[in-house]
Amino acid sequence: MRTVQHYMGMPISLDIPHCKNKSVFSACWQLCEQIDQQFSPYISTSEVSRIAIGSLLLQNASPNMQDIATLADGYDRQTNGYFSIYFNGVFNPTGIVKAWAIKQLALYIEASGYGTYLINAGGDILCNSITKKRWQLAISSPLNPNSTIGTITADNLAIATSGSYQKGAHIYDPKTGTPTTALKSVTVIGPDIITADVYATALYAMGLNALPFAKTLVGYSSYIIDANNVLYSF
């Protein structure tokens, strides 16, 4: 069974082939709604908004928020500051929340007894299979939204993509405070959706400095397309 809903400003699809229990999907969508209410910077009562304006201290926030902040702090150090949940000093963890939400959905689906599933949130994908099912995953091309730069057959895999070709300039180089323009897209593939998503964002923010950094990633492959449409793979 497969269903699609919109949360966090993006389409989210759940594909659980052996699940015919609609309550599992309903619970997943309820979880998405809860995450949206807690983490959206566009909802004035969310924890993110309250922390951003100073009416809630991070150390007094929910355990989930503190876990996300701790995760993000580790990735900040690992990427030499190219991944950060602060922009111009304002708290905004949306760069990690989407992948964190995908992981929460996966944990719930598995706890419900289903080990074969695919979650697609705005193009970031986490798939798993404990059967003979193999998922066909496409890597979108930033040059043409109706084409791909390749496909992957996988059982257990995470794919995350960052770029400006769909949302426009929304990823900034934290060193300069200006939008990144040297790259068109970065796709990272590996075992963990949060790590893949963070790497994709950080690599994109690095611009051409992403090329040597991508070579150092262990357990993760990357596909980088620069502003001149040159494809690099690592």
Side-chain angles (χ1 to χ4, degrees), residues 1-76 83-87 90-128 156 158-162 166-167 170-171 191-198 200-201:
M1 185 174 176
R2 181 178 181 271
T3 62
V4 181
Q5 297 280 355
H6 279 75
Y7 289 97
M8 294 178 281
M10 73 190 84
I12 301 176
S13 66
L14 303 177
D15 191 344
I16 313 175
H18 302 103
C19 179
K20 300 185 184 300
N21 185 350
K22 293 183 179 180
S23 67
V24 173
F25 290 88
S26 296
C28 286
W29 299 133
Q30 184 178 5
L31 178 58
C32 287
E33 176 65 25
Q34 292 170 352
I35 292 172
D36 217 5
Q37 292 296 318
Q38 185 175 10
F39 296 103
S40 173
Y42 304 107
I43 298 175
S44 61
T45 56
S46 74
E47 282 192 73
V48 167
S49 295
R50 291 160 58 204
I51 293 170
I53 65 174
S55 64
L56 174 66
L57 297 177
L58 181 57
Q59 59 263 37
N60 296 331
S62 66
N64 282 344
M65 185 67 76
Q66 295 191 47
D67 287 346
I68 286 174
T70 300
L71 271 175
D73 185 58
Y75 286 121
D76 189 323
F83 179 84
S84 177
I85 56 174
Y86 291 89
F87 178 68
V90 178
F91 181 76
N92 187 344
T94 51
I96 195 172
V97 165
K98 177 171 70 168
W100 181 86
I102 293 173
K103 196 157 191 175
Q104 303 315 300
L105 289 170
L107 291 171
Y108 176 80
I109 291 169
E110 291 183 11
S112 299
Y114 300 96
T116 300
Y117 57 86
L118 183 145
I119 304 167
N120 184 335
D124 288 351
I125 297 171
L126 176 63
C127 69
N128 199 67
N156 309 304
I159 299 180
T161 298
S162 290
Q166 287 185 329
K167 297 181 180 179
H170 67 288
I171 299 176
D192 179 69
I193 186 61
I194 295 178
T195 303
D197 196 29
V198 165
T201 301

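Note that the structure is predicted; figures quoted are calculated from it, not measured. Along the sequence shown, residues are numbered consecutively beginning with 1.
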For residues 102-109, run the donor-acceptor check on the side chains, cut-off 3.5 Å, and write out each pair with its distance to 0.1 Å, sequence neighbours left out.
{"from": "K103", "atom 1": "NZ", "to": "D192", "atom 2": "OD1", "distance (Å)": "2.6"}
{"from": "Q104", "atom 1": "NE2", "to": "W100", "atom 2": "O", "distance (Å)": "3.3"}

Least distance between heavy atoms, [X] atom then [Y] atom:
{"X": "I16", "Y": "T116", "result": "CG2-O, 3.7 Å"}
{"X": "G123", "Y": "N120", "result": "N-OD1, 2.9 Å"}
{"X": "L118", "Y": "C127", "result": "CD1-CB, 3.9 Å"}
{"X": "A160", "Y": "A200", "result": "O-CB, 3.8 Å"}
{"X": "M65", "Y": "P93", "result": "SD-CG, 4.5 Å"}
{"X": "F25", "Y": "M1", "result": "CZ-O, 3.3 Å"}

* **Carboxylate-amine/guanidinium contact D124 K98, below 4.0 Å** => yes

Between side-chain atoms of residues 47-56 and protein atoms elsewhere (two or more places apart, or another chain), which donor-acceptor pairs fall under 3.5 Å?
{"from": "E47", "atom 1": "OE1", "to": "S62", "atom 2": "N", "distance (Å)": "2.9"}
{"from": "E47", "atom 1": "OE1", "to": "S62", "atom 2": "OG", "distance (Å)": "3.4"}
{"from": "E47", "atom 1": "OE2", "to": "Q38", "atom 2": "NE2", "distance (Å)": "2.6"}
{"from": "E47", "atom 1": "OE2", "to": "S62", "atom 2": "OG", "distance (Å)": "2.8"}
{"from": "S49", "atom 1": "OG", "to": "P41", "atom 2": "O", "distance (Å)": "3.3"}
{"from": "S49", "atom 1": "OG", "to": "I43", "atom 2": "O", "distance (Å)": "2.7"}
{"from": "S49", "atom 1": "OG", "to": "S46", "atom 2": "OG", "distance (Å)": "3.1"}
{"from": "S55", "atom 1": "OG", "to": "R50", "atom 2": "O", "distance (Å)": "3.2"}

From [X] [atom1] over to [Y] [atom2], what is the distance, rounded to the nearest 0.5 angstrom?
{"X": "Q37", "Y": "M8", "atom1": "CD", "atom2": "CE", "value": "11.5 Å"}
{"X": "Y75", "Y": "I96", "atom1": "OH", "atom2": "CD1", "value": "6.0 Å"}
{"X": "L126", "Y": "I119", "atom1": "CG", "atom2": "CD1", "value": "5.5 Å"}
{"X": "H18", "Y": "K20", "atom1": "NE2", "atom2": "NZ", "value": "9.0 Å"}
{"X": "D197", "Y": "I125", "atom1": "CG", "atom2": "CD1", "value": "12.0 Å"}

For [Y], does its backbone N or O pair with a side-chain atom of [X] as donor and acceptor, under 3.5 Å?
{"X": "D76", "Y": "S84", "result": "no"}
{"X": "N128", "Y": "Y117", "result": "no"}
{"X": "S40", "Y": "Y42", "result": "yes"}
{"X": "Q5", "Y": "I12", "result": "no"}

* Take V24 and Y114 through the side-chain contact (heavy atoms from CB on, under 4.5 Å) test and state the conclusion after the steps. => CA-CA 10 Å; V24 173; Y114 300 96; 4.0 Å; yes

* When the ring planes of Y86 and F91 are compared, do they come out parallel, tilted or perpendicular, using 30° and 60° as the limits? -> perpendicular

* Asked: Just wondering, more than 12 heavy atoms not from F87 lying within 6.0 Å of its CZ?
  -> yes

